[in-house]
Amino acid sequence: MSFFSKALSEFKTSPFQTLSEWQNQRWVWFLMSSAAAFLILSAIGYFQLFLAMDPCEICVYIRYSQFCILFAGLIIAIKPTNIWFKIIGMYIAWYGVLQGMAWSIDLAELHHTAHALDDVMLSGGDLFAVGGGAAACSTEPTFPLGLPLHVWLPFEFQPSGICGEDDWSLLGLNMAEYCIIAYVFFILGLGAATIGWIYKFLKSKSLV
């Protein structure tokens, strides 16, 4: 029986117990960090370097949230059974996931607004009927705790593009929409791990 078949069988037999065991294993948190690293490297390597798409203000915020998820997974992976590593890592992970989702939704809305304006201008329609102005971005981002990440790491965190004005798409979805999909998976995975962690805690207290 393969690893995945065995894991699926265990989950079907005892889902909460299986989740409680998984969340205490390093591979789960390395997987989360690896997924975040893949998104970061895709943004930098493919979009920024290969396609020469300059990151906008919201783009660097999304990138920041992915770094939070990456480091959160590494913190927990140090020792998943350690309560303090788990609390700190979980807090940072949920912060990164929820903020990243919020920023991705904002970017998707700006993308649709910007392209709606373009369509109206091309057709000679009424700009005011679109409802809203163009996607304005700042070149001076404001990161939590006042961290000057755009000064320390300008290539990664200095915005130089315009929010929502990229023309890239794949299978009818733009970059912001793919980010939303990615964060849905992060929420599902992190939610499952959190449920397993809570279940293990309650079981240790003989509450379940």
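The structure presented is a predicted model; accordingly, all values stated were derived computationally and were not measured. Along the sequence shown, residues carry numbers from 1.
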Item to complete: Determine, using the 4.5 Å side-chain heavy-atom cutoff (strictly less than), whether Leu31 and Phe38 are members of one ILVMFWY cluster.
Response: yes
Discussion item. How close do Ile92 and Cys68 get, counting heavy atoms only, and between which atoms?
Written reply: CG2-O, 3.4 Å
Worksheet entry | Connected via hydrophobic side-chain network under 4.5 Å: Ile69 and Leu41 | no
Fill in: Transitive ILVMFWY side-chain link Phe143 to Leu153, under 4.5 Å
yes
Fill in: Centroid-centroid under 6.0 Å between Phe67 and Phe157 rings
yes
Item to complete: Would you give the length of the straight line joining atom CH2 of Trp29 to atom CG of Leu74, rounded to the nearest 0.5 angstrom?
Response: 12.0 Å
Response to the item:
Residues at least two apart in sequence or cross-chain that pass side chain to side chain contact (heavy atoms under 4.5 Å, CB included) with Pro144, listed by chain then number, are Tyr64, Tyr95
Discussion item. Test: side-chain hydrogen bond (donor to acceptor under 3.5 Å, both in side chains). Region: residues 67-76. Which pairs qualify, not counting sequence neighbours?
Written reply: none
Worksheet item: Is there side-chain contact between Leu170 and Met175, with at least one heavy-atom pair below 4.5 Å?
Response: no
Fill in: Cluster check Leu19, Trp27: I/L/V/M/F/W/Y, side chain < 4.5 angstrom
yes
Going by atom type alone, with no hydrogens or angles, which donor-acceptor pairs under 3.5 Å involve a side-chain atom of residues 98-110 and a protein atom two or more places apart or on another chain?
{"from": "Ser104", "atom 1": "OG", "to": "Gly100", "atom 2": "O", "distance (Å)": "2.8"}

Worksheet item: Is Val97 reachable from Ile40 through a run of I, L, V, M, F, W or Y residues, each pair having side-chain heavy atoms under 4.5 Å apart?
Response: yes
Result block: side-chain N/O donor-acceptor pairs under 3.5 angstrom for residues 180-190, not counting sequence neighbours:
{"from": "Tyr183", "atom 1": "OH", "to": "Ile62", "atom 2": "O", "distance (Å)": "3.4"}
{"from": "Tyr183", "atom 1": "OH", "to": "Ser65", "atom 2": "OG", "distance (Å)": "2.4"}

Worksheet entry | Pairing residues for Trp94 by the side-chain hydrogen bond (donor to acceptor under 3.5 Å, both in side chains) criterion, not counting sequence neighbours | Thr194
Worksheet item: CD/Gln158 to CD/Glu140 distance, rounded to the nearest 0.5 angstrom?
Response: 6.0 Å
For residues 76-86, tabulate all N or O donor-acceptor pairs below 3.5 Å that involve a side-chain atom, not counting sequence neighbours.
{"from": "Asn82", "atom 1": "OD1", "to": "Trp84", "atom 2": "N", "distance (Å)": "2.9"}
{"from": "Asn82", "atom 1": "OD1", "to": "Phe85", "atom 2": "N", "distance (Å)": "3.0"}
{"from": "Lys86", "atom 1": "NZ", "to": "Gln23", "atom 2": "OE1", "distance (Å)": "2.5"}
{"from": "Lys86", "atom 1": "NZ", "to": "Asn24", "atom 2": "OD1", "distance (Å)": "3.2"}
{"from": "Lys86", "atom 1": "NZ", "to": "Pro80", "atom 2": "O", "distance (Å)": "2.8"}

Discussion item. Can you list everything that forms a side-chain hydrogen bond (donor to acceptor under 3.5 Å, both in side chains) with Gln66? Sequence neighbours excluded, please.
Written reply: none
Worksheet item: Does some side-chain heavy atom of Pro141 sit less than 4.5 Å from a side-chain heavy atom of Tyr61?
Response: yes
Worksheet item: Going by heavy atoms in the side chains, are Ile44 and Glu156 under 4.5 Å from each other?
Response: yes
Please tabulate, for side-chain N and O atoms in residues 46-54, each donor-acceptor pair with protein atoms closer than 3.5 Å (sequence neighbours left out).
{"from": "Gln48", "atom 1": "OE1", "to": "Arg63", "atom 2": "NH1", "distance (Å)": "2.9"}
{"from": "Gln48", "atom 1": "OE1", "to": "Arg63", "atom 2": "NH2", "distance (Å)": "3.2"}
{"from": "Gln48", "atom 1": "NE2", "to": "Phe155", "atom 2": "O", "distance (Å)": "2.9"}

Worksheet item: Which residue pairs pass the side-chain hydrogen bond (donor to acceptor under 3.5 Å, both in side chains) test when at least one of the two sits in residues 33-42, sequence neighbours left out?
Response: none
Fill in: Tyr91: side chain to side chain contact (heavy atoms under 4.5 Å, CB included) partners, not counting sequence neighbours
none
Discussion item. Under 3.5 Å, is there a donor on one side chain and an acceptor on the other for His112 and Glu177?
Written reply: yes
